[in-house]
Number of protein chains: 2
Amino acid sequence: MNHLYSKYPKHFHAVDCIIFGFDIAEKELKLLLIKRSFEPALGEWSLAGGFVREDESLDDAACRVLCTLTGLSELYMEQLYTYGEISRDPGARVISTAYFALIGIHELDPEIRKSNGAYWCSLSEIPDLIFDHRKMVDRALKELVEKVKVYPVGFELLPEKFTLVQLQNLYEAIYQRQVDKRNFRKKILSMNLLEKQEDKERETSKKGAWYYRFNEEKYKELTRNGFFFNLVVS
Amino acid sequence: MNHLYSKYPKHFHAVDCIIFGFDIAEKELKLLLIKRSFEPALGEWSLAGGFVREDESLDDAACRVLCTLTGLSELYMEQLYTYGEISRDPGARVISTAYFALIGIHELDPEIRKSNGAYWCSLSEIPDLIFDHRKMVDRALKELVEKVKVYPVGFELLPEKFTLVQLQNLYEAIYQRQVDKRNFRKKILSMNLLEKQEDKERETSKKGAWYYRFNEEKYKELTRNGFFFNLVVS
DNA sequence: TTATTTAAATGTAATATATACACTTCTAGT
DNA sequence: ACTAGAAGTGTATATATTACATTTAAATAA
């Protein structure tokens with residue numbers, strides 16, 4: 001007997017990862033891009049991607065791609081959208097599921113990065129990307145803006161310890177607009193999710209800025225009690 | 001020469017549609033479910049689905065499934081999520097992209113519905129569904145709640161002309177809680193998106209309730225000028 | 001030691017938005 | 001003309017958001 005589904009066609013399935021990082025010094029969001037080392041589109045810029053294997057789920061495939069590229073596991077990652085246009089890949093029909101990931105730039109070893117042909121690219125200077133990767137990036141950016149408004153995912157882009165100035169710079173980079181310093185601090189501090197540390201960041205000012213740490217457990221507890229994170233500010 | 005991608009595996013790819021309707025009389029959200037007429041899981045309840053063909057995009061496949069089932073085109077539909085667990089379908093590995101659709105119950109011809117083995121099912125009485133379809137429904141419900149808060153998509157579930165009471169009933173069904181009548185009306189009317197008609201709905205009360213119509217053009221125009229729809233009410 | 005410089009830190013008043021809440025109106029049917 | 005039942009309406013209070021300018025801390029230079 002034929003297999004139940006044998007009359008239906010099969011398709012290649014890829015995953016592509018939109019990987020964001022935040023450059024604290026330059027106060028800029030960055031995107032991790034790959035200089036392709038294989039056909040088609042050899043030498044062109046693309047997102048990190050790979051084909052889904054028979055023995056792995058979609059999520060596993062995305063993790064594998066991300067992990068192979070960065071040497072990091074346990075990153076923040078989320079499925080974004082699946083692109084299924086017939087001719088999106090000129091090589092063959094490939095359906096691709098895009099994932100977006102947030103990583104601390106400092107966590108990614110530059111040696112590993114270089115050896116994989118990956119480069120951090122400012123959002124304002126994204127080169128032409130292959131296929132529909134630009135569409136993926138644009139969708140991911142929109143999603144990022146919406147996410148950081150109501151979920152505390154921005155912290156994934158910062159080191160464990162960060163200053164309020166850095167956090168505000170991050171939000172300004174994502175929102176692409178200035179936000180009011182006092183209102184921003186008032187709002188984030190009123191949520192009681194940040195723990196003030198006993199040391200200061202002393203690189204960027206004489207006075208120094210207090211380090212804070214995001215308390216994940218507190219967030220989870222508050223959430224169970226109906227709390228909603230919100231960092232929409234003027 | 002082998003094809004570029006020939007070393008990679010291919011996969012079956014399905015689409016599944018979560019189709020919501022709103023029963024005005026019963027003030028209840030409903031889900032369109034299929035009694036399966038084929039293996040595997042013959043006789044069990046499932047979402048409307050189908051395999052993606054070689055000559056159609058994912059979106060096209062979802063439209064085809066929806067159109068075949070309902071006889072309707074031009075429905076509100078949106079990609080929801082792609083489910084890629086290896087063993088989600090016991091018949092074979094099938095990756096499935098879920099779409100959610102909103103339709104006016106009144107628009108669906110009962111004859112067409114029945115002939116396709118489809119039934120409207122109250123949200124409170126969803127039977128066991130095959131595979132991971134219940135997960136899909138749950139995700140779609142969450143998405144629906146978030147969507148109607150900030151986009152005027154609820155109107156897709158109502159006829160062209162509807163009363164404010166009906167609109168409020170719809171929101172109450174989606175939010176699964178009561179909302180304040182005066183605040184609800186104040187808020188929706190203050191957006192200037194509804195046009196009061198000259199006739200009344202006279203089935204449910206002696207007094208009759210004015211019909212309104214959603215003005216799509218006005219919405220688009222306001223949106224261009226930075227307006228944001230918002231119908232979060234107490 | 002004092003003055004200067006630079007970024008960090010802080011509070012309040014005004015405005016806008018969200019909420020809580022109960023009675024009146026309309027009309028078909030008796 | 002009375003009744004019944006759903007539609008329709010407004011205001012006061014509380015909460016959240018916004019706008020905005022000075023002081024503090026500490027290193028460095030005078």
Side-chain angles (χ1 to χ4, degrees), chain A residues 24-27 148-150 158-159 161-173 175 177-213 222 226-234, chain B residues 24-27 148-150 158-159 161-173 175 177-213 222 226-234:
Chain A
I24 291 181
E26 309 224 337
K27 307 175 186 177
V148 298
K149 282 181 185 174
V150 290
L158 292 172
K161 293 196 307 185
F162 52 85
T163 70
L164 293 183
V165 173
Q166 291 168 350
L167 185 63
Q168 180 175 348
N169 288 340
L170 170 62
Y171 269 81
E172 290 184 335
Y175 289 161
R177 61 178 170 80
Q178 304 272 107
V179 313
D180 183 273
K181 191 176 188 173
R182 278 171 293 185
N183 293 339
F184 180 82
R185 294 162 92 103
K186 200 191 310 176
K187 198 154 185 177
I188 182 67
L189 289 176
S190 73
M191 293 191 235
N192 288 313
L193 293 171
L194 301 189
E195 282 171 357
K196 193 177 193 171
Q197 303 302 112
E198 301 200 324
D199 49 340
K200 284 182 163 184
E201 187 276 333
R202 302 202 159 276
E203 305 274 297
T204 48
S205 84
K206 294 161 186 170
K207 185 179 179 179
W210 292 106
Y211 275 124
Y212 285 81
R213 193 183 286 269
L222 287 171
F227 165 82
F228 292 103
F229 184 89
N230 179 296
L231 212 30
V232 183
V233 256
S234 61
Chain B
I24 291 180
E26 309 224 336
K27 307 175 187 178
V148 298
K149 282 181 185 172
V150 290
L158 292 171
K161 293 196 306 186
F162 51 86
T163 70
L164 294 183
V165 173
Q166 291 168 352
L167 184 63
Q168 180 175 347
N169 288 340
L170 169 63
Y171 269 81
E172 290 184 335
Y175 289 161
R177 61 178 170 81
Q178 305 272 109
V179 314
D180 183 272
K181 192 178 189 174
R182 278 172 292 187
N183 293 339
F184 180 82
R185 293 162 93 103
K186 201 191 309 176
K187 198 154 185 178
I188 182 67
L189 289 176
S190 73
M191 291 192 236
N192 290 313
L193 293 172
L194 300 190
E195 281 171 358
K196 194 176 192 169
Q197 304 303 110
E198 301 200 324
D199 50 339
K200 284 182 162 185
E201 185 277 331
R202 303 203 157 274
E203 305 273 297
T204 48
S205 84
K206 294 162 185 171
K207 185 177 180 180
W210 292 107
Y211 276 124
Y212 286 81
R213 194 183 285 270
L222 287 171
F227 164 82
F228 291 102
F229 184 88
N230 180 295
L231 210 32
V232 183
V233 255
S234 61

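Just so it is clear: chains get the letters A, B, ... in the order the sequence lines come, proteins before strands, and each one is counted from 1. Side-chain atoms are counted along with the backbone in the values below, which use heavy atoms only and exclude waters and symmetry mates.
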A.B. asks: When you measure from the side chain of B:Glu172 to the backbone of B:Val179, do you find a donor-acceptor pair of N or O atoms at a distance under 3.5 Å?
C.D. replies: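 Yes, because the side chain of B:Glu172 sits within donor-acceptor range (under 3.5 Å) of the backbone of B:Val179.
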A.B. asks: Can you measure A:Tyr212 atom OH to C:dA8 atom P for me and round it to whole angstrom units?
C.D. replies: 12 Å
A.B. asks: Has the side chain of A:Tyr212 got a donor or acceptor atom that lies under 3.5 Å from a matching backbone atom of A:Leu189?
C.D. replies: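 Pair absent, no side-chain N/O of A:Tyr212 close to backbone of A:Leu189.
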A.B. asks: Name every residue in residues 163-172 of chain A that has at least one heavy atom under 4.0 Å from any atom of DNA chain D, in order of residue number, or write none if there are no such residues.
C.D. replies: none
A.B. asks: For the residue pair A:Lys161 and A:Gln166, what are the closest heavy atoms and their distance?
C.D. replies: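 Minimum heavy-atom separation between A:Lys161 and A:Gln166: O-OE1, 4.5 Å.
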A.B. asks: Under the criterion side-chain contact (heavy atoms from CB on, under 4.5 Å), which of A:Ile24, A:Leu170, A:Leu167 is the partner of A:Phe162?
C.D. replies: A:Leu167
A.B. asks: Nearest whole angstrom, please: distance from the C1' of C:dG11 to the NZ of A:Lys187.
C.D. replies: 18 Å
A.B. asks: If you draw a 6.0 Å radius around NZ in A:Lys200, do more than 12 non-hydrogen atoms from other residues or ligands fall strictly inside?
C.D. replies: yes
A.B. asks: Work out which heavy atom in B:Ser234 is nearest to a heavy atom in B:Asn183; give both atom names and the distance.
C.D. replies: OG-ND2, 3.4 Å
A.B. asks: Got a sec? Which of residues 226-234 of chain A come in under 4.0 Å of DNA chain C, heavy atoms?
C.D. replies: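 Correct list: empty, so none.
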A.B. asks: Can you name the residues that form a salt bridge (Lys or Arg N to Asp or Glu O under 4.0 Å) with A:Lys186, not counting sequence neighbours?
C.D. replies: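 Not a single residue meets the salt bridge (Lys or Arg N to Asp or Glu O under 4.0 Å) criterion with A:Lys186.
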A.B. asks: Round to a whole Å and report the spacing from CZ of A:Phe184 to P of D:dT17.
C.D. replies: 14 Å
A.B. asks: How long is the straight-line distance from CG of A:Leu164 back to NZ of A:Lys196, given to the nearest 0.5 Å?
C.D. replies: 8.5 Å
A.B. asks: For DNA chain D, find the residues of residues 189-196 of chain A with a heavy-atom distance under 4.0 Å and give them by number; none if there aren't any.
C.D. replies: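 Result for residues 189-196 of chain A: none.
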A.B. asks: Using atom names, set out every protein N or O paired with an N or O of nucleotides 20-27 of chain D below 3.5 Å, distance rounded to 0.1 Å.
C.D. replies:
from   : atom 1 : to       : atom 2 : distance (Å)
D:dC20 : N1     : A:Arg182 : NH2    : 3.4
D:dC20 : N3     : A:Arg182 : NH2    : 3.3
D:dC20 : N4     : A:Asp180 : OD1    : 3.3
D:dC20 : N4     : A:Arg182 : NE     : 3.4
D:dA21 : N1     : A:Arg182 : NH1    : 3.4
D:dT24 : O2     : A:Lys207 : NZ     : 2.9

A.B. asks: Between C:dA20 atom P and B:Arg185 atom CZ, what is the distance in whole Å?
C.D. replies: 19 Å
A.B. asks: Could you give all pairs that pass the ring-ring contact (aromatic ring centres under 6.0 Å, His included) test and reach residues 185-206 of chain A, with sequence neighbours left out?
C.D. replies: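 Listed once each, the pairs would be none.
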A.B. asks: For the backbone of B:Ala173 and the side chain of B:Lys27, can you confirm whether one donor and one acceptor N or O come within less than 3.5 Å of each other?
C.D. replies: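 Between the backbone of B:Ala173 and the side chain of B:Lys27 there is no qualifying donor-acceptor contact (under 3.5 Å).
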A.B. asks: Can you name the closest pair of heavy atoms from A:Ser205 and A:Gly208 and give their distance?
C.D. replies: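 Nearest pair, atom of A:Ser205 first, then A:Gly208: OG-N, 2.8 Å.
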A.B. asks: Rounding to a whole Å, what distance do you find between B:Glu203:CD and D:dA7:P?
C.D. replies: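 Roughly 13 Å, once rounded to whole Å.
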A.B. asks: So do the side chains of A:Asn230 and A:Lys187 get within less than 4.5 Å of each other, counting heavy atoms only?
C.D. replies: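 Yes, close enough: below the 4.5 Å cut-off.
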A.B. asks: Find the distance B:Trp210:CH2 to D:dG8:C1' and express it as a whole number of Å.
C.D. replies: 12 Å
A.B. asks: Kindly give the heavy-atom pair with the smallest separation between B:Met191 and B:Leu231, and that separation in Å.
C.D. replies: CE-CD1, 4.0 Å
